[in-house]
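Only one structure is covered here, and it is reproduced in the block below.
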There are 2 protein chains.
Amino acid sequence: MIRIDERISKSELTYDWIRERIIGREFNPGYRLVLGAIAKELGISVVPVREAVRRLEAEGLIEFERNVGARVAMVNQDEYIDTMQTLGVLEGAATALALPLMTEADLARAQAINDSMRAMLEDFDPVAFTSLNEKFHRALFQRCPNPHISELADRGWNRMSGLRSSTFAFVPDRAPRSVMEHDDILRLIRENAEPLEIELAVREHKWRTVEAYRQQRTSS
Amino acid sequence: MIRIDERISKSELTYDWIRERIIGREFNPGYRLVLGAIAKELGISVVPVREAVRRLEAEGLIEFERNVGARVAMVNQDEYIDTMQTLGVLEGAATALALPLMTEADLARAQAINDSMRAMLEDFDPVAFTSLNEKFHRALFQRCPNPHISELADRGWNRMSGLRSSTFAFVPDRAPRSVMEHDDILRLIRENAEPLEIELAVREHKWRTVEAYRQQRTSS
DNA sequence: ATATTCCAGATCGTATACGGTATGTGATGC
DNA sequence: GCATCACATACCGTATACGATCTGGAATAT
């Protein structure tokens, strides 16, 4: 007899609940996560909430301070740079590994996303643009056969969820160049370029965005 | 008035306690972690133990099953391959980033470690050899200025702590080649080779070990 | 006015308690 | 014998309780 008790634990439920809200930017960086309040909101006790928070802490989505509490990770500017640099490495590798499994449809989808981004350049909306940017990159590495690398890349993107909305608001000049570089990457893939070349193209693309951000910061 | 209450929470204490035992191979993969037993052992209640376990779970050191309990992560063979592949990418990048900060002393230390490994080839001890191997690689990327990448590389190594002891027992032929490749890497660094070349040397070195392992597995 | 002390409310950290779920064992029926 | 069921046991999941710590602001001193 199979008992399909799909009920997941309250601890996991809470984990998902908080995570969704952080990634969905309902809880912004710095947002204070009061354990008792969350517990009451979900109609449960604090114990499962604490467990959920510990997991999110280990993933870097939350920062926790003893006797003070939890807040959504701040990702200050240095950390932003570090995270983006790491993400460039991971995503480049993930994309290269995904190449043999990539279908025509995948490429077409990525192309369509980038076309939307180009169309948006005229009437620039940083938030929507940044969102499409994420979709584009995820489309490239989603077929990565190494789940471990994919997960780390996912976490990297999630970690920056709070800043993502504003990335291209900070460095709007990057937007048109970014679209061009996306086209370059797609072209390389279509032409069956060396995986290493593609990997480095993805990495450098990301690193250039960081560089633009860094310069913007120091000059202002 | 500054009150230096260095006392860390029991939750953190437990986290460290378990983690040390996993990394120190006192708790081997598959080892059952009974929450109540650990709590009693440490003279505390189960609540902090559960929090510690959740963090370790998120780091991939522990696997948790609802209503069954926690055990040290098994890292089956596929996961071993995935983890090593990822680690190759991360460690290569971390090493390349560390290059500008590497001192003569760092290089000398790495060289000394590799010399010990070479000396051990005659009278081969897989466990000691694998341990030195880890030290060698950590020595190379320890100066990495990006803490985020370093942490991920650290976690990769830790994740395999259970298998590490046996890696070179599985593929003993790899040992002499490994030592040679270490020398190559050190030479490249001394000659101020391109960072990318060094990065790829580190990556390929690790990937070749995986490849040797994979072949060993399919042929047996 | 500024710095310091004290206090109350908010929130955290952990112990304890108890019901729920999985698992192994022995009894029962075939 | 072998399969099935009932039950005991071990362990997990969560609620509740309470002391400990932090925080902000009012009261007081300089």
Side-chain angles (χ1 to χ4, degrees), chain A residues 1-22 26-74, chain B residues 1-19 21-22 27-74:
Chain A
M1 165 177 161
I2 301 173
R3 180 117 74 86
I4 304 177
D5 189 359
E6 276 294 346
R7 204 185 53 172
I8 58 180
S9 71
K10 297 186 178 177
S11 152
E12 294 219 41
L13 201 76
T14 310
Y15 171 84
D16 292 337
W17 190 86
I18 297 176
R19 190 165 176 282
E20 274 171 22
R21 262 141 251 260
I22 294 177
E26 196 169 331
F27 294 165
N28 289 310
Y31 183 92
R32 180 82 193 284
L33 296 164
V34 181
L35 304 184
I38 294 174
K40 191 185 283 185
E41 169 96 20
L42 297 178
I44 62 180
S45 81
V46 295
V47 179
V49 177
R50 293 180 65 90
E51 289 181 23
V53 163
R54 289 302 193 183
R55 284 175 60 190
L56 292 163
E57 181 194 11
E59 289 179 17
L61 241 51
I62 280 183
E63 284 161 2
F64 201 88
E65 198 177 346
R66 178 175 155 88
N67 281 323
V68 174
R71 54 188 60 223
V72 178
M74 286 297 259
Chain B
M1 164 177 162
I2 300 172
R3 180 118 73 85
I4 304 177
D5 189 359
E6 276 294 346
R7 206 187 51 172
I8 59 180
S9 70
K10 298 186 178 178
S11 152
E12 296 219 41
L13 203 74
T14 310
Y15 170 84
D16 293 336
W17 189 87
I18 297 176
R19 189 166 176 282
R21 261 140 251 260
I22 294 177
F27 294 166
N28 289 310
Y31 184 92
R32 180 81 191 284
L33 297 164
V34 180
L35 305 183
I38 294 173
K40 191 184 283 185
E41 169 95 20
L42 297 178
I44 61 179
S45 81
V46 295
V47 178
V49 177
R50 293 181 64 90
E51 289 181 24
V53 163
R54 290 303 194 183
R55 284 175 59 191
L56 292 163
E57 183 193 9
E59 290 179 17
L61 241 50
I62 279 183
E63 284 161 3
F64 201 88
E65 198 178 345
R66 178 174 157 92
N67 282 324
V68 173
R71 54 187 61 224
V72 178
M74 286 295 258

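So that the names make sense, note that chain A is the first sequence line, chain B the second, and so on, each numbered from 1.
Residue contacts for A:Val68: at a heavy-atom cut-off of 4.0 Å it reaches the sugar-phosphate backbone alone, with no base atom in range. The residue A:Ile38 sits apart from the nucleic acid: no heavy atom pair falls under 4.0 Å. Residue-level contact check: B:Val34 touches the backbone only, with heavy atoms under 4.0 Å from sugar-phosphate atoms and none from bases.
Atom CD1 of B:Ile38 is separated from atom OG1 of B:Thr14 by 8.0 Å, given to the nearest 0.5 angstrom.
Each of B:Lys10, B:Glu59, B:Glu51 was scored for a side-chain hydrogen bond (donor to acceptor under 3.5 Å, both in side chains) with B:Tyr15, with one residue passing: B:Glu59. Of the listed residues (B:Val53, B:Leu56, B:Val72), just one forms a side chain to side chain contact (heavy atoms under 4.5 Å, CB included) with B:Leu61, and that residue is B:Leu56.
What you find for B:Arg66 and A:Ile8 is that their closest heavy atoms are NH1-C, 4.0 Å.
Going from atom CG of A:Asn67 over to atom C1' of D:dA20 covers 7 Å, rounded to whole Å. The distance from atom CG of A:Leu33 to atom C1' of C:dA10 is 16 Å, rounded to the nearest whole Å. To the nearest angstrom, P of C:dT14 lies 9 Å from CG of B:Leu13. As a whole-Å value, the separation of A:Lys10 NZ from D:dC12 P is 19 Å. The distance from atom OH of A:Tyr15 to atom P of D:dG13 is 17 Å, rounded to the nearest whole Å. The nearest whole Å value for the distance from the NZ atom in B:Lys40 to the P atom in C:dA15 is 14 Å. Distance CZ (B:Arg55) to P (C:dG13): 12 Å, rounded to an integer number of Å. What separates CZ of B:Arg66 from P of D:dC11 is a distance of 18 Å, to the nearest Å.
Closest to the side chain of B:Pro48, from the set C:dA15, C:dC12, D:dC12, is C:dA15. With distances taken from any side-chain atom of A:Arg32 to the nucleotides C:dA15, D:dT14, C:dC12, the minimum falls on C:dC12.
Taking the side chain as every heavy atom from C-beta outward, A:Ile44 and A:Leu13 never approach each other to under 4.5 Å.
Nearest-nucleotide positions on DNA chain D for B:Leu35 and A:Ile44 put B:Leu35 closer to the 5' end.
Side-chain N/O atoms of B:Ser45 include one lying less than 4.0 angstrom from OP1 or OP2 on C:dA15.
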